[in-house]
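Below, each value reflects all heavy atoms present in this structure, side chains not excepted, and no hydrogens, waters or symmetry copies.
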Amino acid sequence: MPHNLSQLQRWLQAVIMHPHGIAAGIKSAEAREEIAVLPGDVEQVIGRSQALTSIERLEIYGNAYYSRLLECLRESFPVLAGALGNELFDQFAMAYLQAYPSTSYTLSQLGANFARHLEETRPDRDELAPGEVSWPDFLIDVARLEWAIGEVFDGPGVERAAHSDEVAAPAVEAPVVVRTGKRPESAGTRSTPNLASPPPSQSHIDDRKSHITLDPATLAAIPPEQWPAARLVPVPCLRLLEFRFPVNDYFTEHRKLRDAADGHANHAPAEDVPVGDGRLTLPEPCDSYLALTRINYVVRRIALSQPQYVLLSALVAGQCVGEAIEALVRTNPQSVDTLAADLKAWFAQWAAAGLFLRVELPG
Amino acid sequence: MHAPRLGHANLGLGVGLRTVHYQHILEHQPAVDWFEIISENYMDSGGRPRYVLEQIAERYPIVMHGVSLSIGSTDPLDHDYLLRLKKLAAAVKARWVSDHLCWTGVAGRNTHDLLPIPLNEETLRHVTERIRIVQDVLQRPLVLENPSSYVTFAASTMSEWEFLTRMAEDADCGLLLDVNNVYVSSVNHDFDPVEYVQNVPHRRVVQCHLAGHTNCRTHLIDTHDGEVIDPVWALYRKAHELTGGISTLLEWDASIPPFPVVHAEVLKAKQHMQTELAPPRLAATRSGARFETSAVPHPLHFVAPEVQ
Ligand SMILES: [Fe+2]
């Protein structure tokens, strides 16, 4: 009996995606539900060539499926792959691909659930006391950091707004950029009118951030009585992250090793310098906080203290400065003493780092 | 009878745009005729890839080449995807939009591979109907490429060139003739690549692909990681002669050398447009120099983020 297109596709997909190879795939319930053929009789479905049997030909697709997606995951999580070593990383990644096969048209979403998967499959899942931290948290935190970096890199930013302000002309269409199916974000946000526009530039690397994000001088000029009700609008590329391990420092160390290896490789291409593997050890648990943003299409990492994280999170959640400070004092009563001096320095620093688009004052 | 290339211009000799070449292209503005982009890498981008593309699109003709349309799948078409594709095509003034005669997944999954279809009447009806829907959404003819393949189906009743011919006529679409894929599949499935190139409907061929592949002794794998070999150039000469000249593009996706090397490879096509037709030397590559056993066929298109 001839098999229809749907049966053939469902069968072939089940066969080539099977983690234990083609023969196991052909014998799997999922495949047999479509076409009940035994590995020995597979020529009834897939022809052989002069040089290869049907099974050998199917193996080309089976091997390609996993190598391609494992390579993509290694590129999405290079620091995690370095921390674990490729072999161990691939074991986690294989399990992940079983649990969360791709359903997106783009490979850039392949790792979207990797951190969640690591959390769901952690071996100490049922033994952990509330608030207890152990090594799987380190892997999860690294995965979260790397995924967030990827999202900030290709998500909405403010560069385009700076660009379209320069060319007052009809500009390249102001695109609505939708990523990961979350809130649609207009990347064509305009700067506040009182900010001067930079001269047009041909260079793709010059620094335009200060012209489109909130100027520290504008912030410093706000009358003190208007501060409590002021709202700071964050740039769309700002991401705040809380970790149980110092993964930002770990990331930096990994970078140094990689760069050293790259530099080394330039001089002695034959020598293989391991990155990560056995060179970096598991750090001690330590709560850490990080802001990610993007300037001129490059992701920037800004380490935060716990009070800074609390304050920024409140601001990003839409609270006005007064409310955000109250939230901070509630959770960190000891911060009151130095608060006045700290706040001034923090806001100046964050504005200089381009974390805010504009300030909204009452009235 | 329609115009050659379905009325599209012959853009000349182009190169597939890859992230490793961004800096070189922006700085040196090389004298390449046109660029082909992987649509999925730009349709959702709010970052550097999209920004670079817009700058390049101001200076060079752009053609969009997708890997996830999945025209042969029995899953419903993804209309959200089609609308994004259409929007990108308008934004970069794409000369045309292409994808592959394949399916990439079923039951909601994406294998991110270009999987082969059984070549028979049922598939032909299915694919033709879907091409019409896609063309209605995009409001332009779709251009479909022959992929490299590694299996054949017992359920197939016709050759691939016969399928392509009937599909293109019935759906009124264009074709992207990848002569490297013709060659790879001809070795893998024991057919004559010259007969294939001779029989596709030449006036519907809008574009041609060239690429390198990997010889695994018992079969070839389409790896896009090297120079174009002589038998593939011979097929190109044939295609050039029969079509009267088509936009030609070199794909290089793994072990990517500096831009000038990639560009120089496609410029070799000029010599083949002038040389007289010679029969492809099939025997030459069956015993060719590059052998591998763990090659991964394309597509693999992932953009790594830049972070400080
Ligand atoms: Fe191709």
Side-chain angles (χ1 to χ4, degrees), chain A residues 2-6 8-10 12-13 16-17 43-47 49-52 54 56-58 60-61 63-65 67-69 71-72 75-76 101-108 149-150 153-157 159-160 163 172-173 175 177-179 185 187 204 294 297-301, chain B residues 26 40-41 43-52 54-55 68 70 72-74 78 81 84 87 90-91 103-113 115 117-118 122-123 126 150-156 188-190 217-219 221 294 296-297 299-308:
Chain A
H3 308 288
N4 68 33
L5 186 59
S6 169
L8 283 168
Q9 290 182 343
R10 284 161 196 269
L12 184 61
Q13 182 169 282
I16 65 178
M17 283 175 69
E43 274 187 48
Q44 291 169 17
V45 185
I46 297 293
S49 70
Q50 285 172 19
L52 294 178
S54 307
E56 287 167 336
R57 301 175 92 192
L58 286 166
I60 298 170
Y61 286 105
N63 295 339
Y65 174 73
S67 345
R68 174 180 297 119
L69 299 189
E71 188 181 335
C72 179
E75 286 182 49
S76 298
S102 173
T103 56
S104 168
Y105 53 80
T106 168
L107 271 177
S108 69
I149 286 172
F153 173 71
D154 209 23
E159 298 92 344
R160 215 167 263 278
H163 185 64
V172 271
E173 56 133 26
V177 178
V178 186
R179 203 189 141 89
E185 195 89 52
H204 55 281
R294 191 178 79 202
Y297 299 106
V298 177
V299 178
R300 310 291 169 112
R301 297 175 287 136
Chain B
L26 293 174
E40 289 80 2
N41 285 356
M43 52 203 285
D44 300 330
S45 171
R48 186 162 182 255
R50 181 64 183 258
Y51 176 58
V52 170
E54 279 168 14
Q55 290 179 85
S68 292
S70 202
S73 175
T74 46
D78 182 344
Y81 169 84
R84 285 161 197 262
K87 198 166 176 184
W103 60 288
T104 59
V106 72
R109 292 184 177 183
N110 190 348
T111 67
H112 299 281
D113 202 347
L115 299 170
I117 50 171
E122 181 200 6
T123 313
H126 179 72
Y150 310 96
V151 297
T152 48
F153 292 90
S156 288
N188 292 345
H189 309 319
D190 312 299
R217 293 171 198 270
T218 51
H219 60 284
I221 291 191
S294 62
V296 180
L300 177 64
H301 296 289
F302 174 76
V303 182
E306 284 166 81
V307 55
Q308 284 187 345

Name the region of [X], side chain, backbone, both or neither, that has any atom closer than 4.5 Å to a heavy atom of chain B.
| X | value |
| --- | --- |
| Leu52(A) | side chain |
| Glu43(A) | backbone |
| Gln9(A) | both |

(request) Check the pair Ile16(A), Leu115(B) against side-chain contact (heavy atoms from CB on, under 4.5 Å), reporting the backbone distance first and the verdict last. (result) CA-CA 10 Å; Ile16(A) 65 178; Leu115(B) 299 170; 3.6 Å; yes
Side chains of [X] and [Y], heavy atoms from C-beta outward: is any pair under 4.5 Å?
| X | Y | result |
| --- | --- | --- |
| Glu56(A) | His219(B) | no |
| Val106(B) | Ser6(A) | no |
| Pro49(B) | Phe153(A) | yes |
| Leu12(A) | Trp103(B) | yes |

(request) Examine distances only and state if a side-chain atom of Glu122(B) and a backbone atom of Leu5(A) form a donor-acceptor pair shorter than 3.5 Å. (result)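 The answer is yes, because a donor-acceptor pair under 3.5 Å joins these two groups.
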(request) State whether the side chain of Tyr61(A) and the backbone N or O of Tyr150(B) hold a donor-acceptor pair below 3.5 Å, judged by distance alone. (result) yes
(request) Report the option among Gly72(B), Pro118(B), Ala154(B), Gly105(B) that has the most heavy-atom pairs separated by less than 4.5 Å from atoms of chain A. (result)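 Ranked by contacts with chain A, first place is Ala154(B).
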(request) Under 4.5 Å, counting heavy-atom pairs only, tell me which of Ala90(B), Ser70(B), Ser73(B), Ala107(B) racks up the most with chain A. (result) Ser73(B)
(message) Is a donor from one side chain sitting under 3.5 angstrom from an acceptor on the other, for Thr74(B) and Arg10(A)?
(response) no
(request) Ignoring hydrogens and angles, state whether a donor on the side chain of His112(B) or Ser102(A) is under 3.5 Å from an acceptor on the partner side chain. (result)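 Per modelled atom types, His112(B) and Ser102(A) side chains form a pair under 3.5 Å.
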[atom1]/[X] to [atom2]/[Y] distance, rounded to the nearest 0.5 angstrom?
| X | Y | atom1 | atom2 | answer |
| --- | --- | --- | --- | --- |
| Arg48(B) | Arg294(A) | CZ | CZ | 11.0 Å |
| Asn110(B) | Leu107(A) | CG | CG | 7.5 Å |
| Tyr65(A) | Asp113(B) | OH | CG | 10.0 Å |
| Arg57(A) | His189(B) | CZ | NE2 | 5.5 Å |

(request) Using side chain to side chain contact (heavy atoms under 4.5 Å, CB included) as the criterion, point out the one residue from Asp190(B), Val151(B), Thr218(B), Thr152(B) that pairs with Ser49(A). (result) Asp190(B)
